[in-house]
Protein chains: 2
Amino acid sequence: MTDGDGTAGRIGDLIDRLGRLVRSQEQAGGLNPAQWEALRYLARANRFSRSPGALAEFLGSTKGTASQTVLALERKGLVRRERDPDDRRAVRLGLTGAGRTHLRRDPLREFAGAASALTKEAQNGLSAGLGDILGQLQRHNGRRPFGTCQHCRFFQRRGAAKQSDGPHRCILLDVALSEADSGLICVEQEEASA
Amino acid sequence: MTDGDGTAGRIGDLIDRLGRLVRSQEQAGGLNPAQWEALRYLARANRFSRSPGALAEFLGSTKGTASQTVLALERKGLVRRERDPDDRRAVRLGLTGAGRTHLRRDPLREFAGAASALTKEAQNGLSAGLGDILGQLQRHNGRRPFGTCQHCRFFQRRGAAKQSDGPHRCILLDVALSEADSGLICVEQEEASA
DNA sequence: ATTTTATAGTATCGAGTCGCTACTATTAGA
DNA sequence: TCTAATAGTAGCGACTCGATACTATAAAAT
């Protein structure tokens, strides 16, 4: 920041500089920053969210740009693309084995390493504070939060309401959700506690 | 992050996403992200550090790229360039009035705004934690810290050593430093406490 | 002094990025 | 069945950024 230089300004500055550092590290491994982030996203998104359109929303880019990113990842053999049999306009994306392997060399690990040198309290504080800022800005810009199913207002936990057991459910898309599904991120997610 | 997903991993992830958000906001105002960061840097760097080379180090880019950035800012009338009369290879940079005015519309203010919604403790924690991570990574990558003079090991406070009064001094470059100078960032800075 | 080497910066080129505007294919609605 | 609306891709063009090569000046070596 340039002005008042209070703590808040310094935080903005630090985020900016760390972001730049991330980007420069992310040139490694034959991928560019957008491709790294796409790869990470696809590893953690649920099946309704592994599409070029959802990726575009996540990256804050256009569909065209996201499409190019996906094509590049497919050329490198890290991502698999197939048409959805139910809606034949849609494309379903997924990581290949090579894609998952590649993620083990994620440059972001270096950042996680640096973070883990902090005390546990400091880590929790950082995580909470950054998450809060991100949430605020996303709301402010009308972006989706991309949280996980189990924190979503459309999430119906197993045993709730009528059905006594069976899987959890998404009452927006009206589908069953496995335990694993519930921990993945989703385009449609809306924070429960609001 | 993709794996263990501990708090540390989540922090890396958040930094990445916030960084991307910064970048997308920084397209505003007719400048690109690198230009915004250069403008901010030049507003806060001392006179030994307002050069294309120092800027390149700060941005983590090459001299060529930094040179282009500076040229672009000069074309827009935000930065002034002049040759140093003492070392005629060197170029000294500075903001114009328009440059300072432009900084008032810094998109990073939005982030500072979001940060200032946090409690004072949370802000201090964030600032300290992020600063720590940045410092670690800079050391690890052999980058300069770009701190301010008064925290530098070459800083000699007024009244120290022989000279009883007069200005502070930089004992690396052997020059006088005003009070204002001492709060500016410097390429040559090395943290005092190590 | 003169030569050599180092330093500061710029010019230029090419690969790649990204937003934008079409455009196709498929589905949903009137 | 005709008309939107939706998911995605193609291709263009402005721009970015790193790498290489180059000029000008300064410092070091002989």
Side-chain angles (χ1 to χ4, degrees), chain A residues 19-38 42 45 47-76 79-93 173 187-188, chain B residues 19-38 42 45 47-76 79-93 173 187-188:
Chain A
R20 176 171 298 277
L21 207 49
V22 176
R23 309 284 274 180
S24 75
Q25 298 300 99
E26 275 178 343
Q27 301 293 350
L31 300 188
N32 67 37
Q35 289 165 8
W36 274 115
E37 201 161 8
L42 293 175
R47 61 186 183 280
F48 318 114
S49 310
R50 289 195 293 266
S51 69
L55 178 62
E57 273 207 78
F58 183 79
L59 296 181
S61 68
T62 61
K63 290 188 302 176
T65 301
S67 189
Q68 283 184 44
T69 300
V70 167
L71 264 327
L73 288 172
E74 193 188 25
R75 272 198 302 275
K76 295 176 195 199
V79 159
R80 191 179 30 241
R81 260 180 42 205
E82 52 194 31
R83 297 216 86 91
D84 185 319
D86 297 333
D87 182 342
R88 297 178 34 72
R89 294 169 303 180
V91 169
R92 294 294 146 213
L93 306 172
L173 303 173
V187 229
E188 309 288 355
Chain B
R20 177 171 296 276
L21 207 48
V22 175
R23 293 317 218 66
S24 75
Q25 298 298 102
E26 276 178 343
Q27 302 292 348
L31 300 188
N32 67 37
Q35 289 166 7
W36 273 117
E37 201 160 7
L42 292 176
R47 60 186 184 280
F48 317 113
S49 309
R50 290 195 293 268
S51 68
L55 178 62
E57 274 206 78
F58 184 79
L59 297 181
S61 68
T62 61
K63 290 188 302 174
T65 301
S67 188
Q68 282 184 48
T69 300
V70 168
L71 263 328
L73 288 173
E74 194 189 25
R75 273 197 302 275
K76 296 177 195 198
V79 159
R80 191 179 32 243
R81 259 179 44 204
E82 51 195 31
R83 297 216 86 91
D84 185 319
D86 296 333
D87 183 341
R88 298 179 33 73
R89 293 170 303 180
V91 169
R92 294 293 147 214
L93 306 172
L173 303 174
V187 228
E188 309 289 354

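Below, chain A is the first sequence line, B the second, and so on; all start at residue 1. Keep in mind that the numbers below use all heavy atoms, side chains included, and drop hydrogens, waters and symmetry copies.
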Please report, rounded to the nearest Å, how far the P atom of D:dG8 is from the CG atom of A:Leu59. 13 Å
Among B:Gln25, B:Gln27, B:Glu26, whose side-chain contact (heavy atoms from CB on, under 4.5 Å) with B:Trp36 holds? B:Glu26
Distance in angstrom units between A:Leu93 CG and D:dT9 C1', rounded: 13 Å
Classify A:Ser51 by what it touches in the nucleic acid, base, sugar-phosphate, or nothing, heavy-atom distance under 4.0 Å. sugar-phosphate
Taking every heavy atom of A:Arg92 against every heavy atom of A:Ser51, the minimum-distance pair comes out as NH1-CB, 3.7 Å
For B:Arg75 and C:dA11, what is the distance between atoms CZ and C1' respectively, to the nearest whole Å? 13 Å
All heavy atoms of A:Ser49 vs all of A:Val187, minimum pair found to be OG-N, 2.9 Å
Whole-Å gap separating C1' (C:dT17) and CG (A:Leu31): 14 Å
Grab the NZ-C1' distance between B:Lys63 and C:dA11 for me, whole Å please. 13 Å
For B:Arg81, answer base if it contacts any base atom (sugar-phosphate contacts may also be present), sugar-phosphate if it contacts only those atoms, and nothing otherwise; contact means non-hydrogen atoms under 4.0 Å. sugar-phosphate
Just to verify, what does A:Arg83 make a salt bridge (charged side-chain N to carboxylate O under 4.0 Å, His left out) with, not counting sequence neighbours? none
If you compare all heavy atoms of B:Arg20 against all heavy atoms of A:Leu59, which two are closest, and at what distance to 0.1 Å? CD-O, 3.3 Å
Would you say B:Asn32 places a side-chain N or O within less than 4.0 Å of OP1 or OP2 belonging to D:dT16? yes
Its contact letters, B for base, S for sugar-phosphate only and - for none at protein heavy atoms under 4.0 Å, make nucleotides 19-30 of chain C read B-----BBS---
Round to the nearest Å and state the distance from A:Glu57 atom CD to D:dA7 atom P. 10 Å
Can you check the B:Leu71 CG to D:dT16 P distance for me, whole Å? 13 Å
Of the candidate nucleotides C:dG9, D:dT9, C:dT17, which contains the atom at the shortest distance from the side chain of A:Gln35? C:dT17
Taking atom C1' of C:dG16 as reference, at what distance in whole Å does atom CD of A:Glu26 sit? 16 Å
How close do B:Ala66 and B:Pro52 get, heavy atom to heavy atom, and via which atoms? CB-O, 3.7 Å
Just checking A:Arg92: base, sugar-phosphate only, or nothing, at a heavy-atom cut-off of under 4.0 Å? nothing
On a heavy-atom basis, which atom in A:Thr69 and which in A:Ala34 lie closest, and how many Å separate them? CG2-O, 4.0 Å
